[in-house]
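Report on the following structure.
Just so it is clear, the model here is predicted, and its values are computed rather than measured. Each ligand, and each atom within it, is numbered from 1 in the order the structure gives.
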Amino acid sequence: MILMRQFQRPITDTNMQKESEFSDKAFAPASGDMSAADFRRVGHQIIDWIADYSENVENLPVLSQVEPNWLKNNLPKHAPENGEDFAEILKDVDKLILPAITNWNHPNFHGLFSTSTSAAGIFGELLAAAFDQKAMLWRTSPASTELEEVVTDWLRQMMNLDAGYTGIIYDTASVSTLHALAAAREGLDLKIRETGMSGRSELPLLRVYTSEQSHSSVEKAVLLLGLGQKSLVKIAVNERFEMDANKLREAIETDKAAGFVPFCVVATVGTTSTASIDPISEIVPICEENALWLHVDAAYAGSAAIVPEFQKFFAGCERADSVVTNPHKWLFTPFDLSILYCRHTDLLKRAFALVPEYLKTNETVTNQMDYGIQLGRRFRSLKLWFVIRYFGQNGLIERIREHCRLAKLLADWIEADENWELAAPLNFALVCFRACPKNVENLDAFNENLMNEINASGEAYLSHTKLDGKFAIRLSVGSIRVEERHIEKVWGLLNAKV
Ligand SMILES: *Cc1c(COP(=O)(O)O)cnc(C)c1O
């Protein structure tokens, strides 16, 4: 295993004890917190460790090489009775935790959507943990409440969304989409908040529409809202994996004729399998004619809207009701941070506000607990504020542009080589492709095997999808550290086996 040996400065006892003040006494277990002096010393070591990790992550395997249960079998079954020396705890980070880490920050992490954190983002998390805010009411965290409003508005402008959108931070896109659908349903005035959906024979079947290629989070939101899978209609896609707007129109007409109540369409800019882009501009008039809420899932691709030449892919979003984007995906912000941009925060509030006596205040302010299911909320905006200030709009734009350039480069190599073919049109920084050597009969098995071998080697991580029933390899370019040589490396690994 290629683990810690590449690290110049792992956290080991020798390292720790270089600081002569590191006596056991300094770490004597106590019922109070660590002293400021000890915190400073350990903190410096941890920052050093993270710096080394970040510098050397490329030398670690991308996918963790441990077997299932390895970590569990190596940890005590019971909590320690007495407190431990912190140096001991950190030794176990090296010995036990690091080998079980899949390195999302590795520049050759190309699976799923390649996402990575940045130093600015790490500092944001660190400070947020130190402040330990629970932003439920404005008064329980003016900073978190107001910084969230400011920073989501900055990103709104960067994405070229109009001022009718208000940003609210949730943990993940799955939760953002759940809230969008809840607000859309609240807008129906069917008294679902008061009387629910069960036991009501007068309530017609409600319908939500999305494409066959949309993310599973749409279906999960439908499940959680008690609408049932029966309420979700999956519209067919064209050969570019984009929702067929004519089929959407037909489905809505058929449902209305049957007495059902269509209320929401979820379209995607940047689907998970191929990053395909639903025709938002064609979907918008259908939603407007039928008074349907249009929610745009741009969890992955939303970050690309900050790049002027990519804004065309988001045309139509100016007439949607809500848009979700995940800075934790492609904006170098550590997980988690998803933003729901919504035009109807009044409906979100109507769906979720519930104020017990002990939370009543008389300030005329935004209390963020009113806009979702959570009471306490993390101070997430701090890390995004750091990221945007550190890189500036131009730094972020350049990085995303470079990712798209690298994806195009790989797609060009694939298209120029008869042993390879693209499995979907190139969108943003996601390449879907497969090997197609003439002498191979079972191409699905061949490609699957190829991907598995590369993943098992720890050299790179690729993932897959099925397109038109065929196995396709997905390569996502998204790491803050990725360079052309990393794409060359994967191309070499792929070709070594074909
Ligand atoms: C990743 C992704 C999601 C889900 O993201 P989470 O933040 O992990 O819930 C939803 N939709 C699309 C298009 C995605 O790519």
Side-chain angles (χ1 to χ4, degrees), residues 102 104 109-117 121 152 155 159 167-182 208-225 232 234-235 237 241-243 264-280 283 294-305 310 313-314 317 320 322-341 372-374 377-378 380 383-384 400 403 407 424 427-432 461 463-465 467 474-479:
T102 283
W104 285 73
F109 187 112
H110 302 295
L112 314 172
F113 280 117
S114 166
T115 71
S116 58
T117 185
T152 56
L155 186 63
M159 291 173 67
I168 300 169
I169 297 179
Y170 298 104
D171 51 1
T172 57
S174 304
V175 170
S176 293
T177 292
L178 171 69
H179 283 83
L181 261 63
V208 178
Y209 306 82
T210 194
S211 95
E212 284 170 342
Q213 291 285 318
S214 76
H215 191 267
S216 52
S217 56
V218 179
E219 189 159 345
K220 281 203 183 178
V222 164
L223 293 179
L224 197 57
L225 289 170
L232 186 66
K234 293 189 182 167
I235 306 294
V237 294
F241 308 102
E242 303 157 345
M243 189 194 289
C264 184
V265 175
V266 181
T268 313
V269 177
T271 58
T272 312
S273 267
T274 68
S276 62
I277 303 164
D278 288 339
I280 308 293
I283 294 169
L294 175 57
H295 175 62
V296 177
D297 180 355
Y300 157 66
S303 299
F310 298 153
F313 299 123
F314 299 84
C317 286
S322 54
V323 178
V324 58
T325 183
N326 276 0
H328 73 225
K329 263 197 176 141
W330 202 5
L331 220 55
F332 320 110
T333 305
F335 193 81
D336 48 14
L337 199 166
S338 172
I339 303 176
L340 177 68
Y341 285 107
I373 199 70
Q374 274 188 270
R377 307 165 83 257
R378 300 182 61 219
R380 293 193 180 88
K383 58 189 171 184
L384 182 56
I400 289 174
H403 289 163
N427 290 300
F428 301 106
L430 178 69
V431 191
C432 297
Y461 175 38
S463 64
H464 77 281
T465 188
L467 297 171
R474 291 169 73 266
L475 187 150
S476 162
V477 185
S479 169

Structural part of Asp297 in contact with ligand 1, heavy atom criterion under 4.0 angstrom: side chain
Numbering as shown, the atoms of ligand 1 that approach Gly270 to under 4.0 Å (heavy-atom distance): 13 (C)
Sub-4.0 Å atoms of ligand 1 with respect to non-hydrogen atoms of Asn326: 5 (O), 6 (P), 7 (O)
Any side-chain donor near an acceptor of the partner, Thr268 and His215, under 3.5 Å: no
For His328, atoms of ligand 1 separated by under 4.0 Å from a heavy atom: 7 (O)
Per-atom contacts of ligand 1 with Ala299, taking only distances under 4.0 Å to non-hydrogen atoms: 2 (C), 3 (C), 10 (C), 11 (N), 12 (C), 14 (C)
The one among Lys329, His215, Lys220 that brings a heavy atom closest to atom 1 (C) of ligand 1: Lys329
Ser217, portion touching ligand 1 at heavy-atom distance under 4.0 Å: side chain
Short N or O distance, Thr268 and ligand 1, threshold 3.5 Å exclusive: no
Parallel, tilted or perpendicular: rings of Phe428 and Trp330 (30°, 60°): perpendicular
Contact check: Phe113 vs ligand 1, nitrogen or oxygen atoms, below 3.5 angstrom: no
Distance-only donor-acceptor check, side chains Thr271 and Ser276, under 3.5 Å: yes
contact_flag Ser338 ligand 1 heavy-atom lt 4.0 Å: no
From Leu181 atom CG to His295 atom NE2, the distance as rounded to the nearest 0.5 Å: 7.0 Å
Sidechain-backbone polar pair: Ser174 side chain, Thr172 backbone, donor-acceptor under 3.5 Å: no
Test item: Thr325 side-chain N/O and Ile339 main-chain N/O as donor-acceptor pair under 3.5 Å: no
Sub-4.0 Å atoms of ligand 1 with respect to non-hydrogen atoms of Thr272: 12 (C), 13 (C), 14 (C), 15 (O)
Ser174 N/O under 3.5 Å from ligand 1 N/O: yes
Separation of Ser338 OG from Asn326 CG (nearest 0.5 Å): 4.0 Å
Salt bridge (Lys or Arg N to Asp or Glu O under 4.0 Å) assessment of Arg378 paired with Asp336: CA-CA 10 Å; Arg378 300 182 61 219; Asp336 48 14; 3.1 Å; yes
